[in-house]
Amino acid sequence: MNTKLVKIKDSEHIADEALIEAARIIRDGGLVAFPTETVYGLGANALDEEAAKKIYAAKGRPSDNPLIAHISCMEELEPLVSHIPEAGRKLAEAYWPGPLTMVFPKSSVVPYGTTGGLDTVAVRMPGDPAARRLIALAGVPIAAPSANTSGRPSPTTAQHVWQDMNGKIEMILDGGPVGIGVESTIVDVCGEIPTLLRPGAITMEMLREIAGTVEIDPAIQGPPKDGLRPKAPGMKYRHYAPHAELLLVEGELEAVIGRINFLAKEKLGQKYRVGVICTDETQNRYRYGEIRSVGQRSRAETIAHNLFAVLREFDDLEVDYIYSESFSRDHLGQAIMNRLTKAAGYHVIRV
Ligand code: AMP
Ligand code: MG
């Protein structure tokens with residue numbers, strides 16, 4: 001298949017012709033990758049089981065891992081769900097459009113092919129205006145997981161999508177680098193108390209401010225354990241995995257720098273390729289391997305924004321070992337550390 005790569009934004013202008021063509025492809029059961037404020041999504045008609053199957057095939061994604069349905073306005077939510085719990089309504093008012101996905105009891109319109117066999121459906125209204133325009137033009141909710149090959153870091157530029165999806169999908173809409181860089185927060189609002197299933201840019205504090213008590217699915221805090229199944233089926237997979245072995249070093253910053261330099265030097269001596277993930281504040285303290293800053297330690301948004309691109313760059317450089325500093329777990333840091341520890345396969349050393 002010939003994959004068309006089309007720019008949709010120059011400064012403030014959004015190219016409607018490309019969005020109209022993309023919307024037609026989606027209505028006809030095809031696949032289009034498009035930018036959202038979190039990461040690039042791989043879109044298909046969420047109400048068409050055959051189209052959903054194509055997403056699983058293009059990504060190499062296990063079909064029990066459900067898809068998020070994207071909508072462009074509140075009226076599009078009602079047909080997809082059997083009812084809207086109070087917490088869901090309040091959170092939608094506060095944070096939609098935006099980087100928040102909510103899990104609702106599904107209606108019969110949503111096929112099990114989209115929900116991985118579950119009786120619930122995950123729904124998000126993205127903040128990116130081009131994404132919302134595409135959904136509105138398509139006239140159907142768009143199922144859109146991250147537009148990466150399963151197991152690779154999520155794409156934050158159209159070039160990342162091209163690397164993984166060229167030849168497999170009809171079209172890629174290039175809207176430039178995304179803003180946030182980590183996937184949406186997922187909250188299950190079906191029960192009495194809303195439960196966080198995946199941390200993201202809508203933080204625990206922000207959720208609690210609106211919904212009061214919010215629980216955290218215990219399965220997202222540590223390595224998979226027997227009998228502890230994550231409520232978001234996708235969280236059980238080793239997502240975001242770079243080709244290299246990634247080790248996260250946690251502790252007092254001076255000790256972290258010392259240990260990473262020691263480990264990097266040792267592996268270089270053994271003729272391995274080594275990558276180091278650090279921050280603007282510490283970058284000039286490292287001496288061995290390929291050194292990449294992910295942003296400012298004091299500004300978590302910069303770290304979220306750059307993290308997946310740096311992991312992909314290390315894939316391209318074919319490094320064997322990656323040593324990474326760790327970051328604050330507060331606010332957006334919870335999402336950053338969740339993605340990093342998973343990418344590391346929970347391989348963390350404390351110094
Ligand atoms: P992605 O679209 O690649 O960011 O992944 C979507 C995430 O949403 C996965 O972790 C899924 O397991 C999760 N998800 C989607 N639908 C549901 C649902 N109905 N219940 C719980 N988690 C869901
Ligand atoms: Mg994904």
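When a ligand or atom number is given, it counts from 1 through the structure's own listing order.
For the Mg ion (ligand 2), the N/O/S atoms of Ser146 include one lying under 2.8 Å.
Counting non-hydrogen atoms of neighbouring residues, nucleotides and ligands closer than 6.0 angstrom, the CZ atom of Arg259 reaches no more than 12 such neighbours. Counting non-hydrogen atoms of neighbouring residues, nucleotides and ligands closer than 6.0 angstrom, the CZ atom of Arg133 reaches no more than 12 such neighbours.
A donor-acceptor contact closer than 3.5 angstrom links the side chains of Arg312 and Gln163. Inspection of the Arg198 and Ser184 side chains reveals an N or O donor paired with an N or O acceptor under 3.5 Å. Counting only N and O atoms by type, the side chains of Thr279 and Glu325 include a donor and acceptor under 3.5 Å apart.
Which parts of ligand 1 touch Lys231 is read off a 4.0 Å heavy-atom cut-off, strictly below it: atoms 21 (C), 22 (N). Below 4.0 Å from some heavy atom of Asn65 lie the following atoms of ligand 1, by number and element: 9 (C), 11 (C), 12 (O). Those atoms of ligand 1 that come under 4.0 Å of a heavy atom in Ala122, given as number and element, are 15 (C), 16 (N), 17 (C), 19 (N). The contact set between ligand 1 and Ile186, taken as ligand atoms under 4.0 Å from a residue heavy atom, comprises 7 (C), 8 (O), 13 (C). Heavy-atom proximity to Thr120, at under 4.0 Å, picks out these atoms of ligand 1: 18 (C), 19 (N), 20 (N). Numbered from 1 in the order shown, with element, the atoms of ligand 1 that lie under 4.0 Å from a heavy atom of Ser146 read 1 (P), 2 (O), 3 (O).
By the criterion of a heavy-atom distance under 4.0 Å, neither the backbone nor the side chain of Lys106 is placed next to ligand 1. When heavy-atom distances to ligand 1 are checked against a 4.0 Å cut-off, Thr115 has no atom that comes that close, whether in backbone or side chain. Under 4.0 angstrom from ligand 1, the non-hydrogen atoms of Arg61 all belong to its side chain.
Proximity of Leu118 to ligand 1 is established by a heavy-atom distance of less than 4.0 Å.
In the hydrophobic clustering, Trp162 connects to Leu5, Leu31, Tyr40, Leu42, Ile55, Tyr56, Leu67, Val161, Met165, Ile169, Ile172, Val178, either directly or through intervening members, whenever side-chain heavy atoms lie under 4.5 Å apart.
For atom 2 (O) of ligand 1, the candidate residues are Gly41, Pro145, Ser154, Ala147; the nearest heavy-atom contact is made by Pro145.
Contact of the Val140 side chain with the Ile26 side chain is registered, since non-hydrogen atoms from C-beta on lie closer than 4.5 Å.
Side chain of Ser107 to backbone of Leu80: a donor-acceptor contact under 3.5 angstrom is found.
At least one N or O atom of Arg198, backbone or side chain, sits closer than 3.5 Å to an N or O atom of ligand 1.
Partners of Arg132 according to the salt bridge (charged side-chain N to carboxylate O under 4.0 Å, His left out) rule, which considers only residues two or more places apart in sequence or in another chain, do not exist here.
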